[in-house]
Structure formats: structure tokens, C-alpha cells
Amino acid sequence: MFRTTLASGLRVLVLNNPAVDIVSARFFLRVDSRTDTPPGLAHLVSAVLTKGTEARDSMAIAQIVESLGAMLGADSTPDYLQIALKSLGEDFPTLLALAAELLQRATFPAEQIEIERKATLQAIRSQQERPFTVAYNQFRAALYGNSPYAYPELGTEESVLALRREDLLNFYRAHFRPDNAVFVAVGPLEPEAVVRLLEEHLGGWSVPETPLLRTALLKPTDAFPTATLRTVQPTQQSTVLVGYPAAPIHSEDFAALKLIGTYLGSGLSSRLFTELREKRGLAYEVSAFYPTRASTSHFVAYIGTAPENARTCEAGLRTEVERLASTPLGDSELRTAKNKLLGQYALGKQTNSQVAQLLGWYEILGVGADFDREYTRTVEQLTSADLLAVAERTFKAPIVSLVGPEDVLATVF
């Protein structure tokens, strides 16, 4: 893989794959998790970013992209914002020029902000009707306090209504700078030609005098609270969620937690599915997940169940998760979990788009694109004793988050 850093500070990764004439590329911009960033701001910036530049309105931008049969879009996560592009190889220079325009001269038209604001508010209201989303949101709020990790990526109704165009412009000026960005491209590419294109179209993209802000992301892990949270929702199903603070991506515990998440919650043969749904018939849905985060993440097990089963399910989830801190996996269980995790990982990087996403993601999170190889090696070397030690460190007193009918929550918990 070709790697270089331009004079402006933009990190560039290029992977030549001549197998197909499709180029996928990403600009990743680190979103600093400062406590004064309003919830939903990064999402609204990404939603409006492609709606206008100093030279083109939203219709002109759409016409260019559609005339090429290409793709150009932006989205955000708690740790980064990205511009993604994909086209035939011959159209890549045109699309890259348009992306460079968005990076340097986006205008955030007021009428487009209002259109995207309405769409975001509608999406937030729709999410609030889902018991799992409500349970997950109240869990994150309790775990992370005032950190941006506490909020859903879309923000809240109150925060989105309060955002002004000036907020979007200030965010754009603060984060869209070459020393805060990573560019990755995968396809039939000559790296030197890609660098020339970047220098041609981003030659005027310079580092502003204002220093790049980097602040502490989250308080120490041992300061996280424990609690039982309840939200009444008149549904026929209760959601029970049991969550723990967990290591960030740069921790030595990261690979083990991914493997534990696979063992507990991935697929019809997972531990939670077989124990709580197949054997005991308690679950409409049951799973576990461990998001990849630059700062302190979380490990969550959850179940959707009949309201009268909520207490039993809470105990069942805690038993299945926390027993990993006292009972090591057998050789067969460990091998099966590794095969499943590594197989899913390999299936997740079959296309140029998937590879570009993975390499840029690791680079912007601070572990580097080579983490792709290190991760699979680390997973292969994990032992049952390793998983036991990580489970002991992670699965202590959890936050329990409940959503269901009022009479059930009042009498059962």
C-alpha cells in the first residue's frame, strides 16, 4: 500500500487493485469529541455538505454525479465525518475535483439546512418509537454524561432545533482542514497520479493559523456509574439492555472483546441465542455488540421479550455475560468463535469500497491502516485465559436499561 503525507498535512493512502475498473475513495475528518459540540451538529453538517458550493448549487452537484453514474455522499459517526466517492476509473478525476470543492468551498445554503433539519427531526421521532433505541439512548446518556458519545448521532429534537447556520459553518472551519484529514483510495490506480490529482485540486487547501483542538475524550473508566434505568412505553414488548464500559480500539483488550461479542451475540449459534431463545423461549430478539470507538466504548447485551419475562431476562443476560469472567471457553467454543469472527471480517472487505472504508477508519481512529493485519493475527493468538482476563476487567457492575409497559416496570423492577 502506498502511503504519503502532502505538504499540507493531508495523509494519503492508495491501494492499487486492477481487478475491477471501479475506484472507491474516502476523505475522513476526525471529529473531536469536545463537550461543547451540540448533539447532531456533525450529522447535519454531513447532510448539508453536498447541497452547495461557491460554484454550484445542489442540483448542479447532483447532475454531475448522476451523469457519471457515480456516487458521492457524506455521513458522520461519533469519531469522524467522511466524504465517500465511487466511480469508474475514467471518471475518478472529475469526481475527486467535486469532492475537493466540497472540502474547501461548501456554502451550507439556509434553505437546504431547513430541509435536512426537518428530515432529521422526522428520523429522531421515528427512532423514539423503537423500544431498543430508547433503551440504548438512556444507557448511553447514563454512561457518558455530557460527552458526545452520550447522544444518538442524529442528536435530540431540542439540539437539532437549536442549531444555526453559523454553528455549521464554525464546525466546517474547525474540522475541515488537511492536518485533520485522511484520504484513502482503492482501485486501478497509479499512486503518483493520485497524488498529482490531489495536489492539483487541493493545492489551496492549507492549514489555518488556529491550532487543531485535541481534548481528553472521556473520564476514566472507573468513574462510570452503575444504575437501573426505566422508560415507560406502552408496547407489547419489553427491551432489557445490560451494558458495561469497555476498552477503546487502541487497547490490548479490543480483539478479545470483539471475539467475546461474536461468541455471545453473533448468529443463530451464539451463546445468548441458544440459551435464552432456543432453550428457554424467552426472546423475540437477543444479541450483543461492542462498537469500535476511539475513546472508551461499551459492551452491550440486550433482549426483546414479553413484558412478564423481563426480570428473568435481565438475570439471564447478566449470567451469560458475567460467567465469562469465571468460566473459560472450551477449545471447541473458542475455535468456533474465531472462525466466525475472522470469516465475517474477511467477508466485510471484499469490495474496493469496503477496503477503503476499513483502512481509512483505522487510520483516522489513530491505530493506523496496518491494524487490519495486526487485528487478525491478534485474534488468532487469543487464548481462553486471555478472554477470561478481559471479561474479569470488563464485566463488573453494569448499567441496566429497561423499556416496557408501566405496570410491568413498576412491579417487576
Side-chain angles (χ1 to χ4, degrees), residues 1-17 23-33 42 45-46 49-50 53-55 61 70-77 79-87 89 91-108 169-214 294 352-353 355-372:
M1 181 171 58
F2 173 85
R3 173 192 286 270
T4 190
T5 301
L6 303 187
S8 63
L10 175 66
R11 281 177 282 166
V12 177
L13 308 174
V14 181
L15 185 62
N16 180 33
N17 176 19
V23 175
S24 289
R26 302 277 193 280
F27 284 95
F28 288 85
L29 299 121
R30 177 74 180 267
V31 176
D32 207 15
S33 296
V45 168
S46 67
L49 181 67
T50 59
T53 69
E54 294 173 3
I61 293 171
M71 187 279 289
L72 176 68
D75 61 68
S76 67
T77 78
D79 289 318
Y80 64 85
L81 187 152
Q82 68 170 334
I83 300 174
L85 45 154
K86 182 169 72 174
S87 71
D91 297 324
F92 177 62
T94 302
L95 205 58
L96 181 63
L98 188 54
E101 207 172 297
L102 299 176
L103 284 167
Q104 300 171 95
R105 293 181 290 279
T107 53
F108 299 94
L169 291 170
N170 288 338
F171 183 96
Y172 182 68
R173 297 181 189 116
H175 293 86
F176 284 63
R177 45 191 291 168
D179 57 342
N180 190 44
V182 171
F183 173 77
V184 57
V186 181
L189 297 164
E190 292 295 331
E192 294 77 10
V194 174
V195 170
R196 285 195 297 274
L197 280 172
L198 290 168
E199 289 175 335
E200 176 184 351
H201 296 296
L202 291 170
W205 200 27
S206 59
V207 176
E209 294 181 0
T210 309
L212 190 61
L213 290 173
R214 284 282 182 259
N352 287 347
S353 293
V355 173
Q357 174 67 30
L358 196 68
L359 298 179
W361 187 26
Y362 288 155
E363 190 73 16
I364 203 69
L365 291 186
V367 294
D370 290 341
F371 186 78
D372 177 42

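- The neighbour count for E190 CD, taken as heavy atoms of other residues, nucleotides or ligands under 6.0 Å away, does not exceed 12.
- Proximity of I364 to D79: side-chain heavy atoms (C-beta onward) are nowhere separated by under 4.5 Å.
- Nearest heavy atoms, A42 versus F171: CB-CZ, 3.8 Å.
- Minimum heavy-atom separation, T107 to E54: CG2-N, 3.5 Å.
- One distance of note links CG of D91 with CG of L98; it measures 12.0 Å at 0.5 Å rounding.
- Nearest heavy-atom pair, A100 versus L202, reported as atom, atom and distance to 0.1 Å: CB-CD2, 3.6 Å.
- A distance-only check finds a donor-acceptor pair linking the side chain of R177 to the backbone of T210 [under 3.5 Å].
- To the nearest 0.5 Å, atom CH2 of residue W205 and atom CZ of residue R105 are 11.5 Å apart.
- Here the options are F371, Y80, F28, the test is ring-ring contact (aromatic ring centres under 6.0 Å, His included), and the partner is Y362; only F371 passes.
- Of the possible donor and acceptor atoms, none in the side chain of D179 sits under 3.5 Å from a partner among the backbone N and O of V207.
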task = Show your reasoning for whether side-chain contact (heavy atoms from CB on, under 4.5 Å) applies to W361 and T77.
result = CA-CA 11 Å; W361 187 26; T77 78; 5.9 Å; no
query = side-chain contact (heavy atoms from CB on, under 4.5 Å) between L103 and L29: does it pass, once the steps are laid out?
reply = CA-CA 10 Å; L103 284 167; L29 299 121; 4.2 Å; yes
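- Between F2 and N16 there is no side-chain heavy-atom pair separated by less than 4.5 Å.
- S46 contributes atom OG, which lies 9.5 Å from atom CD of Q82 (distance to the nearest 0.5 angstrom).
- By the 4.5 Å heavy-atom criterion applied to side chains, L72 and L102 are counted as neighbours.
- Minimum heavy-atom separation, S353 to K86: OG-CD, 3.3 Å.
- Between F92 and L189 the shortest side-chain heavy-atom distance falls below 4.5 Å.
- Between F183 and F27, the two ring planes are tilted [angle within 30° to 60°].
- Annotation: side chain of L198 is in contact with side chain of L96 (closest heavy-atom distance under 4.5 Å).
- With N180 contributing its side chain and R30 its backbone, the two residues share a donor-acceptor pair below 3.5 Å.
- The heavy-atom pair separating V184 from A356 by the smallest distance is CG1-O, 3.4 Å.
- For the pair Q104/H201, no side-chain contact is recorded, criterion being any heavy-atom separation below 4.5 Å from C-beta on.
- In plain terms, the two heavy atoms of L359 and L13 that are nearest each other are O-CD1, 4.4 Å.
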task = Please test R26 against E363 for side-chain contact (heavy atoms from CB on, under 4.5 Å), starting from the C-alpha separation and ending with a verdict.
result = CA-CA 12 Å; R26 302 277 193 280; E363 190 73 16; over 6 Å; no
